[in-house]
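Everything on this sheet refers to the single structure shown next.
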Amino acid sequence: MKNIKFIRTFFVLALGSLITLSSCDALLDDTKTDFGQGPILAQFENTTDELNIILDPAVTSIDYMIPITFFGGKNVPLDRDVTVTIATSPDSQAQEGVEFELGETTFTIPAGQKTANAAIIVLTGNLVPFDFKDIVLEIVESSEAVSDVNSIALTLKALPETTLAGTYDVEIGQYWNSGSRQGDFGGTVSIQAVSPDLYKHVGIGFWPDDNDFYFTVDPDTNVITVLDVDLAGEPTLLNGSPIMTCAKSVFEMIICDDTTNKQTLMSDGSHIVELTTGYDRGTGATREFLEKLIRQN
């Protein structure tokens, strides 16, 4: 009798497993689960980008490359070419033939590769300083499918020769913590132009992420003023604490005045930015930074 009971139980379990497997098969069929056989979708590698252009009367145009790629399938290079055709979007603020030109409009991602570069010509002679405009391009056709995310907005940031925007090498980078010198930092720093004489300093010291702050420059005196608020008027925090400025916080170890916060414009474009800042965690617990930055050419 025990054997009969065991056989009946086994039969019920086996039947249940068959029903379950059959249900899974039906589910897979109904949803058409993709195991790397889905469509190949052509799109730009990035949906946004920006180009800082320091205007020079001797340079009337520059070439710029925009990567095109594809996604889908197994996300590996294909054994066939992928052709992609682009065009200027009706949403483009910059006008084709005025601020930029498209040379070729059809590009090929060769078999065995995943990207191709679309070349555009930026007509810098027609740009106006601080009149930032977006070139919006879209993919209109492909030998494969076209992604729903099929456009890129490239912001042209035309800037005068006196701009401080650019990438800087850290020549001097001092870090003070609670009254003692903790060490030096190096590397590079990015400074971005927001408007005439207003800039964004990306990161601080050893912490490049989520520690941005803004500063202004007086073009007559060359004095830099670090701001304690962001563009929305919200208080600026560095590592979670209020930013220190010459006007609002007491620096305990380094000098913060017009001699340590200034720009020096160089004829070859290797502009020098010197500034002091930090964050305030109370008397005897300040974090202070002194920077001397030299712009790369």
Side-chain angles (χ1 to χ4, degrees), residues 23-53 61-124 126-127 130-158 165 190 192-194 200 202 208-210 212 230-232:
S23 299
C24 288
D25 288 342
L27 181 61
L28 290 173
D29 288 341
D30 288 345
T31 58
K32 295 185 176 152
T33 299
D34 177 12
F35 293 104
Q37 301 300 318
I40 305 301
L41 304 174
Q43 64 183 66
F44 292 103
E45 195 169 89
N46 302 300
T47 57
T48 60
D49 199 359
E50 66 178 43
L51 176 60
N52 287 328
I53 303 167
S61 68
I62 58 174
D63 296 331
Y64 191 74
M65 301 296 179
I66 298 178
I68 301 172
T69 188
F70 61 81
F71 293 89
K74 296 179 181 179
N75 275 334
V76 297
L78 302 178
D79 58 1
R80 60 189 182 274
D81 291 350
V82 178
T83 59
V84 178
T85 300
I86 67 172
T88 302
S89 168
D91 296 330
S92 184
Q93 297 170 327
Q95 297 181 43
E96 186 176 353
V98 179
E99 286 93 2
F100 74 100
E101 290 180 348
L102 294 177
E104 298 181 22
T105 56
T106 299
F107 306 89
T108 299
I109 303 174
Q113 298 184 28
K114 284 204 66 180
T115 59
N117 286 320
I120 65 171
I121 302 168
V122 180
L123 304 176
T124 57
N126 294 332
L127 300 180
F130 292 103
D131 184 14
F132 299 162
K133 291 184 178 181
D134 287 345
I135 296 175
V136 182
L137 304 177
E138 58 186 8
I139 296 174
V140 295
E141 190 176 341
S142 172
S143 59
E144 302 292 334
V146 176
S147 171
D148 290 339
V149 185
N150 69 329
S151 66
I152 180 173
L154 171 65
T155 303
L156 302 180
K157 299 184 109 177
S190 174
Q192 300 172 2
V194 178
K200 177 181 179 180
V202 179
D209 300 323
D210 302 320
D212 305 336
D230 61 19
L231 298 183

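In this chain, numbering begins with 1 at the start of the sequence shown.
Across Lys114 and Val76, no two heavy atoms sit closer than the pair CD-C, 4.2 Å. Here the closest non-hydrogen pair linking Phe132 and Val194 is CE1-O, 3.8 Å. Taking all atoms of both residues into account, the shortest heavy-atom contact from Ala193 to Phe130 is CB-CE2, 4.2 Å. Across Asp134 and Ser92, no two heavy atoms sit closer than the pair O-OG, 3.4 Å. The two atoms that bring Pro208 and Val202 nearest to each other are O-CG1, 4.2 Å, heavy atoms only. The two residues Asp91 and Val136 have their closest heavy-atom pair at O-CG2, 3.9 Å.
Shown here are the side-chain contact (heavy atoms from CB on, under 4.5 Å) partners of Val146, two or more places apart in sequence or in another chain: Ile139, Ser142, Asn150.
Tyr64 and Asn117 form no side-chain donor-acceptor contact under 3.5 Å, judged by distance and modelled atom types alone.
Note on residues 93-107: pairs passing side-chain hydrogen bond (donor to acceptor under 3.5 Å, both in side chains), not counting sequence neighbours, are Thr85-Thr106, Thr88-Glu96, Glu99-Lys133.
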Problem set entry | Full working for side-chain contact (heavy atoms from CB on, under 4.5 Å) between Leu137 and Phe100 | CA-CA 11 Å; Leu137 304 177; Phe100 74 100; 4.2 Å; yes

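Between the side chain of Asp81 and the backbone N or O of Ala111 there is at least one donor-acceptor pair closer than 3.5 Å. A donor-acceptor distance shorter than 3.5 angstrom exists from the side chain of Asn75 to the backbone of Gly72, with no hydrogens or angles considered.
A salt bridge links Arg80 with Glu144: the distance from a Lys NZ or Arg NE/NH1/NH2 to an Asp or Glu carboxylate oxygen falls below 4.0 Å.
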